[in-house]
Amino acid sequence: MTTLEDCRALDAQDPLRSLRDQFTLPPGVIYLDGNSLGVLPKAAPARIAEVVAEEWGQGLIRSWNTANWFDLPQRLGDKVARLIGAAPGEVVCTDSTSVNLYKVLFAALSQQKDSGRKLVVSERSNFPTDLYIAESLCRERGFTLKLIDADELQGPDSVLTEEVAVLMLTHVNYRTGAMHDMKAITAAAHAAGALTVWDLAHSAGAVPVALNESNADYAIGCGYKYLNGGPGAPAFVWVHTRHAGKFEQPLSGWWGHAAPFEFTPHYRPAPGVGRYLCGTQPIIALAGLECGLDTVLAAEAFDGGKGGMAALRAKSLALTDLFIALVEERCAGQGLSLVTPREHARRGSQVCLSRAEGAYAIVQALIARGVIGDYRAGDSQMPDILRFGFTPLYLGFEDVWNSVEHLAQVLESGEWQREEFNRKNAVT
Ligand SMILES: *Cc1c(COP(=O)(O)O)cnc(C)c1O
């Protein structure tokens, strides 16, 4: 049995403990939703104010040069690259995840347009925006979207056949927290002649990612989840250098032009990753994203300058292991089932529990107590889910203890059955 004293001892020994000081967290809150919206870095308000008052207010248009606004997407992309196993110059920060998915999926489909392959394969349980974008692109470009369950990717009856043009997967599932083996799946897709598109929304800053080592083709990811970039922060795009010169940018705006300030009448794409940009970038939002990226990269001090993800991963697994163990001790017999894989190699940085009844209301009752997680509706294969994200940058072991204690109390007391917790808000 783990005790509160054990958890406090783990915090006292935690080498990453000081990283929490980089954040402003409201008092009395245990924040288990960094997988949906990361918390505010302490540096962000002052930095954003400086960009507004000084760079915009005083520098005005000169700041494109004097404050280096123009290459911000590339400079921040180089920071993201350190977190996802990519090289400098291979990533840009821009647009939203949905828009970036449109761009890279379009590019991958264009590369396959003369191959005779007609299928785009993705998981039924993928995040809806990914499926919606793929649906419309397939319709426009004459492909068919085939939705599968994860187990259909393996074995002799694998769906990866010579009909598949693109395999589009999210590395860590947003609801279950299950993580794919990127390297093995990419190899299987390539063996079948398909290209891969990976969504890293729940991976970047959460788990180690090795894009180049996995030999992946295209990847995109989100700036406001584990990267703490702020609500609606710019997302990012990566492409393997073997495709860089062939990438077709469907949104061929002037920022992706080889020489935007020549103002020529015809589009000529920039040679490298710069062609993923479309129009003028949101400089204030990019400044916020940089503050968020720096909070993650601060963990580099704990792994010899290798991006920090190995150190963060070790703590993340310790936190999620502890949460699972405590829930099983303290909430036994309360109807909760673990949805997230126990196996470390298959687990992201979140833990999801399902319950046949009351998942939404239980989450609301926890939020009223200051324990902020979230709820995701179930489907034909899975009951409703209580979702808890664990961000090792600002969560400690005592936080885990306290959150399970609150969960146990909410369930034992039946507090969640109150009417106020059963009324649905617009955003869940
Ligand atoms: C969060 C998330 C998104 C978000 O896309 P936006 O364009 O930022 O709204 C997309 N895909 C996945 C898999 C996500 O988890």
Side-chain angles (χ1 to χ4, degrees), residues 32-39 73 76 80 83-84 92-106 108 120-137 145 147-148 150 166-180 182 185 196-207 209 211 216 218-238 250-251 276-278 281-282 285-286 288-289 292-293 339-340 347-352 373-377 379 385 387-391 426-428:
L32 305 180
D33 223 347
N35 52 317
S36 216
L37 176 64
V39 305
L76 301 198
V80 171
L83 302 172
I84 58 174
V92 281
C93 292
T94 185
D95 296 332
S96 67
T97 307
S98 303
V99 171
N100 287 334
L101 178 62
Y102 181 87
K103 293 188 287 191
V104 300
L105 186 56
F106 182 102
V120 173
V121 170
S122 193
E123 272 182 276
R124 198 166 279 117
S125 63
N126 200 346
F127 191 81
T129 201
D130 297 47
L131 300 180
Y132 303 160
I133 294 278
E135 226 173 23
S136 71
L137 252 178
L145 179 61
L147 299 184
I148 57 149
V166 175
L167 175 62
M168 178 190 90
L169 293 175
T170 295
H171 182 223
V172 175
N173 186 280
Y174 78 105
R175 266 197 313 190
T176 64
M179 179 164 70
H180 284 299
M182 181 185 287
I185 291 177
T196 54
V197 171
W198 290 96
D199 188 330
L200 305 179
H202 288 270
S203 308
V207 298
V209 177
L211 285 172
Y218 293 92
I220 49 150
C222 183
Y224 54 78
K225 292 174 178 164
Y226 292 91
L227 299 180
N228 306 316
F236 63 85
V237 190
W238 170 87
L251 305 174
Y276 304 136
L277 302 178
C278 179
Q281 301 297 307
L286 284 165
L289 175 62
L293 288 170
V339 173
T340 304
R347 189 193 306 163
S349 198
Q350 69 187 56
V351 177
C352 301
D374 61 24
Y375 154 88
R376 287 292 175 263
D379 53 31
I385 280 186
R387 192 172 71 148
F388 303 101
F390 291 86
T391 309
V427 175
T428 60

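The structure displayed is predicted, hence computed values, not measured ones. We count ligands from 1, going down the list as the structure has it; atoms in each ligand are counted the same way.
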TODO: List every atom of ligand 1 that sits less than 4.0 Å from any heavy atom of His202, numbering the atoms from 1 in the order shown and giving each element.
DONE: 15 (O)
Open item on the list: Check Arg124 with Asp379, please: is the shortest side-chain N to carboxylate O separation under 4.0 Å?
Closed with: no
- [ ] Can you measure from OG (Ser96) to OH (Tyr102) and round to the nearest 0.5 angstrom?
- [x] 13.0 Å
Open item on the list: Taking 4.0 Å as the limit for heavy-atom contacts, which would you say applies to Ser98 with ligand 1: side chain only, backbone only, both, or neither?
Closed with: both
TODO: Provide, to 0.1 Å, the distance between atom 11 (N) of ligand 1 and the closest protein heavy atom, together with that atom's residue and name.
DONE: Asp130 OD1, 2.8 Å
TODO: Determine whether the side chain, the backbone, both or neither of Thr129 has a heavy atom under 4.0 Å from any heavy atom of ligand 1.
DONE: side chain
- [ ] Flag Asp199 as yes when one of its N or O atoms lies below 3.5 Å from any N or O atom of ligand 1, and as no otherwise.
- [x] yes
TODO: Around atom 9 (O) of ligand 1, find the nearest protein heavy atom and jot down its residue, atom name and distance.
DONE: Tyr224 OH, 3.5 Å
- [ ] Among all protein heavy atoms, pick the one closest to atom 15 (O) of ligand 1 and tell me residue, atom and distance.
- [x] Lys225 NZ, 2.6 Å
Open item on the list: For a side-chain contact (heavy atoms from CB on, under 4.5 Å) check, start with the C-alpha distance between Val80 and Cys93, then their side-chain angles and the critical distance, and finish with the verdict.
Closed with: CA-CA 8 Å; Val80 171; Cys93 292; 3.7 Å; yes
TODO: Distance to 0.1 Å, residue and atom name: give those for the protein heavy atom nearest to atom 5 (O) of ligand 1.
DONE: Thr97 CB, 3.5 Å
TODO: Kindly assign one of parallel, tilted or perpendicular to the pair Tyr226 and His202, based on the angle between their ring planes and the thresholds 30° and 60°.
DONE: perpendicular
Open item on the list: Within the 4.5 Å heavy-atom criterion, are Leu131 and Ile133 side-chain neighbours or not?
Closed with: no
TODO: Run the numbers for me: atoms of ligand 1, each under 4.0 Å from some heavy atom of Ser96, listed by number.
DONE: 7 (O)
Open item on the list: Rounded to the nearest 0.5 Å, what separates atom CG in Asp130 from atom CG in Leu105?
Closed with: 9.5 Å
Open item on the list: Against Trp198, only a single residue in Ile84, Val104, Leu169 fulfils side-chain contact (heavy atoms from CB on, under 4.5 Å); can you say which?
Closed with: Leu169
Task: Subset of ligand 1 atoms that lie under 4.0 Å from at least one heavy atom of Thr170 - done: 13 (C)
Task: Subset of ligand 1 atoms that lie under 4.0 Å from at least one heavy atom of Ala201 - done: 2 (C), 12 (C), 13 (C), 14 (C), 15 (O)
Open item on the list: Just by distance, no angles: are the side chains of Asn173 and Ser125 close enough, under 3.5 Å, to form a donor-acceptor pair?
Closed with: yes
